[in-house]
Participant: 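My questions all concern the structure below.
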Amino acid sequence: MSVKELLKQVVWDDQGLVPVIAQEAATGDVLMFAWMSREALERTVASGEAVYWSRSRRKLWRKGEESGHIQKVVELRMDCDNDVLLLKVEQIGNIACHTGRHSCFFHKLVGGKWDAVEPVLKHPDEIYK
């Protein structure tokens with residue numbers, strides 16, 4: 001199947017984006033949530049590395065382009081409604097979050113408040129020089 005055919009099967013939102021969940025292939029840990037545009041998905045498929053669309057910066061970004069924490073795509077899945085993608089990835093450097101943690105989902109509701117339950121593996125100042 002061509003990339004153009006693949007893109008036609010995805011249900012894009014009104015901004016031309018699709019939500020993406022990045023999951024560590026080896027552990028099943030949910031690492032992060034992001035968005036992809038058509039071009040981001042094309043580049044991800046072509047390169048084998050995760051490329052996302054940054055809504056805040058309004059541009060494409062290859063995961064790890066600044067930090068070195070690249071996500072190598074092991075498997076790409078789409079949900080039953082064709083409107084959410086799941087990337088099973090190998091997370092290079094064991095850090096997916098810009099806060100220096102393994103996962104962006106490090107807040108846990110404990111006793112009625114959000115607690116940070118995962119350690120910072122590397123301080124962001126050391127990652128983003």
Side-chain angles (χ1 to χ4, degrees):
M1 176 181 301
S2 73
V3 175
K4 287 188 182 210
E5 302 262 333
L6 177 138
L7 294 173
K8 286 181 187 176
Q9 294 183 14
V10 176
V11 176
W12 304 93
D13 73 6
D14 58 357
Q15 296 177 353
L17 302 174
V18 65
V20 182
I21 299 163
Q23 179 182 39
E24 190 169 44
T27 65
D29 289 349
V30 175
L31 299 176
M32 56 180 273
F33 170 84
W35 296 90
M36 278 189 181
S37 63
R38 286 171 174 81
E39 186 178 356
L41 181 54
E42 284 180 277
R43 289 187 182 195
T44 297
V45 170
S47 70
E49 294 180 354
V51 177
Y52 300 106
W53 174 257
S54 172
R55 294 184 308 162
S56 60
R57 292 178 279 173
R58 312 232 18 101
K59 69 175 196 165
L60 292 171
W61 59 283
R62 183 178 60 85
K63 179 67 177 157
E65 66 189 5
E66 292 180 32
S67 66
H69 300 136
I70 296 163
Q71 291 178 341
K72 294 192 177 203
V73 178
V74 174
E75 189 175 314
L76 179 58
R77 294 186 179 210
M78 185 165 58
D79 78 331
C80 57
D81 294 323
N82 294 13
D83 62 357
V84 178
L85 300 178
L86 172 66
L87 291 183
K88 292 191 177 194
V89 301
E90 175 190 351
Q91 180 63 59
I92 305 302
N94 202 35
I95 296 173
C97 186
H98 73 279
T99 66
R101 292 177 172 86
H102 177 64
S103 169
C104 293
F105 295 94
F106 61 86
H107 288 109
K108 180 178 178 181
L109 187 60
V110 179
K113 65 180 180 116
W114 296 107
D115 280 344
V117 295
E118 289 189 16
V120 172
L121 302 175
K122 190 171 189 180
H123 194 277
D125 290 344
E126 296 175 51
I127 297 170
Y128 305 101
K129 295 176 183 175

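This one's a predicted model, so the numbers in the text were calculated from it and none came from an experiment. When reading the values below, keep in mind they use all heavy atoms of this one structure, side chains included, and skip hydrogens, waters and symmetry mates.
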Participant: How are the rings of W61 and Y52 set to each other: parallel, tilted or perpendicular (split at 30° and 60°)?
Facilitator: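 If you compare the ring of W61 with that of Y52, the planes turn out tilted.
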
Participant: If you take all heavy atoms of Q23 and G28, which pair is closest and at what distance?
Facilitator: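 Minimum heavy-atom contact is NE2-O, 3.1 Å.
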
Participant: How far apart are the closest heavy atoms of E49 and I70, and which atoms are they?
Facilitator: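 Closest heavy-atom pair between E49 and I70: CD-CG2, 3.6 Å.
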
Participant: Would you find a donor on one side and an acceptor on the other, under 3.5 Å apart, between the side chain of S37 and the backbone of A40?
Facilitator: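 Flag set: sc S37 to bb A40 pair under 3.5 Å.
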
Participant: CD of Q9 to CD of E5: how many Å apart, nearest 0.5 Å?
Facilitator: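 With rounding to 0.5 Å, CD (Q9) is 7.5 Å from CD (E5).
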
Participant: Establish whether L85 and V3 are linked, either directly or via other cluster members, by ILVMFWY side-chain heavy-atom contacts under 4.5 Å.
Facilitator: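 In one cluster with L85: V3, yes.
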
Participant: Once rounded to the nearest 0.5 Å, what's the spacing between atom CG of L76 and atom NZ of K88?
Facilitator: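 Result: 11.5 Å between the selected atoms.
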
Participant: State, yes or no, whether a side-chain contact exists between V89 and L31 at a heavy-atom distance under 4.5 Å.
Facilitator: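 Yes, at least one pair of side-chain atoms sits under 4.5 Å.
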
Participant: Could you tell me whether the side chain of Q91 and the main chain of H69 form a donor-acceptor pair under 3.5 Å?
Facilitator: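 Side chain of Q91 to backbone of H69, a donor-acceptor pair under 3.5 Å: yes, one is there.
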
Participant: Closer than 3.5 angstrom, by distance alone: can the side chain of D115 be matched with the main-chain N or O of V117 as a donor-acceptor pair?
Facilitator: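 Such a contact is absent between D115 side chain and V117 backbone.
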
Participant: Calculate, to the nearest 0.5 Å, the distance between atoms NZ and OG belonging to K72 and S47 respectively.
Facilitator: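 So the NZ of K72 and the OG of S47 are separated by 10.5 Å.
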
Participant: For A96 and C104, work out which heavy atoms get closest and say how close.
Facilitator: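 Scanning both residues completely, I find the closest heavy atoms to be O-SG, 4.3 Å.
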
Participant: Stepwise, does the side-chain contact (heavy atoms from CB on, under 4.5 Å) test hold for M78 with V18?
Facilitator: CA-CA 10 Å; M78 185 165 58; V18 65; over 6 Å; no

Participant: Should V10 and M36 count as side-chain neighbours, where that means a heavy-atom distance under 4.5 Å?
Facilitator: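 Sidechains of M36 and V10: no contact.
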
Participant: Taking S54 for its side chain and K59 for its backbone only, find out whether a donor-acceptor pair lies under 3.5 Å.
Facilitator: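 It does not hold such a pair.
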
Participant: If the threshold is 4.0 Å, N to carboxylate O, is there a salt bridge linking E39 and R43?
Facilitator: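 Yes, charged N to carboxylate O under 4.0 Å.
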
Participant: When you group the ILVMFWY residues by side-chain heavy-atom contacts below 4.5 Å and let the links chain together, are V120 and Y128 in the same group?
Facilitator: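 The answer is no; the residues belong to distinct hydrophobic clusters.
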
Participant: Report yes if the side chains of W12 and L7 come closer than 4.5 Å at any heavy-atom pair, otherwise no.
Facilitator: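 The answer is yes; the side chains approach within 4.5 Å.
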
Participant: Tell me whether K108 contacts the main-chain N or O of E118 through its side chain, where contact means a donor paired with an acceptor under 3.5 Å.
Facilitator: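 No, because the side chain of K108 does not come within donor-acceptor range (under 3.5 Å) of the backbone of E118.
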
Participant: For the atom pair NE2 (H98) and CE (M32), what is the distance rounded to the nearest 0.5 Å?
Facilitator: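 Reported value, rounded in 0.5 Å steps: 10.5 Å.
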
Participant: Quick check for you: to the nearest 0.5 Å, what is the distance between K63 atom NZ and T44 atom OG1?
Facilitator: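 Here the interatomic distance stands at 13.0 Å.
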
Participant: If we check side chain to side chain contact (heavy atoms under 4.5 Å, CB included) with V20, which of these qualifies: L87, L86, V84?
Facilitator: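 Exactly one option meets the side chain to side chain contact (heavy atoms under 4.5 Å, CB included) with V20, and it is L87.
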
Participant: Would you check if W53 and R58 make a side-chain contact, meaning some heavy-atom pair closer than 4.5 Å?
Facilitator: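 Yes - at least one pair of side-chain heavy atoms lies under 4.5 Å apart.
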
Participant: Going by the rule side-chain hydrogen bond (donor to acceptor under 3.5 Å, both in side chains), which residues pair with E75 if we only count those two or more places apart in sequence or in a different chain?
Facilitator: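 With neighbours one apart ignored, the set is R77.
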
Participant: Measuring from atom NZ of K122 to atom CG of N94, what distance do you get when rounded to the nearest 0.5 angstrom?
Facilitator: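 So the gap between those two atoms works out to 12.0 Å.
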
Participant: Identify whether F105 and W114 are in the same connected component of the hydrophobic contact network (ILVMFWY, side-chain heavy atoms under 4.5 Å).
Facilitator: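 Different clusters.
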
Participant: Going only through I, L, V, M, F, W and Y residues with side-chain contacts under 4.5 Å, is there a path from L41 to V73?
Facilitator: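 Linked, L41 and V73 end up in one cluster.
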
Participant: Backbone N or O of V11 within a donor-acceptor pair of the D83 side chain at under 3.5 Å?
Facilitator: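 Checking the backbone N and O of V11 against the side chain of D83, no donor-acceptor pair under 3.5 Å is found.
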
Participant: Show the nearest heavy-atom pair for residues P119 and R101, with the distance to one decimal.
Facilitator: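 The pair with the smallest heavy-atom distance is O-CG, 3.3 Å.
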
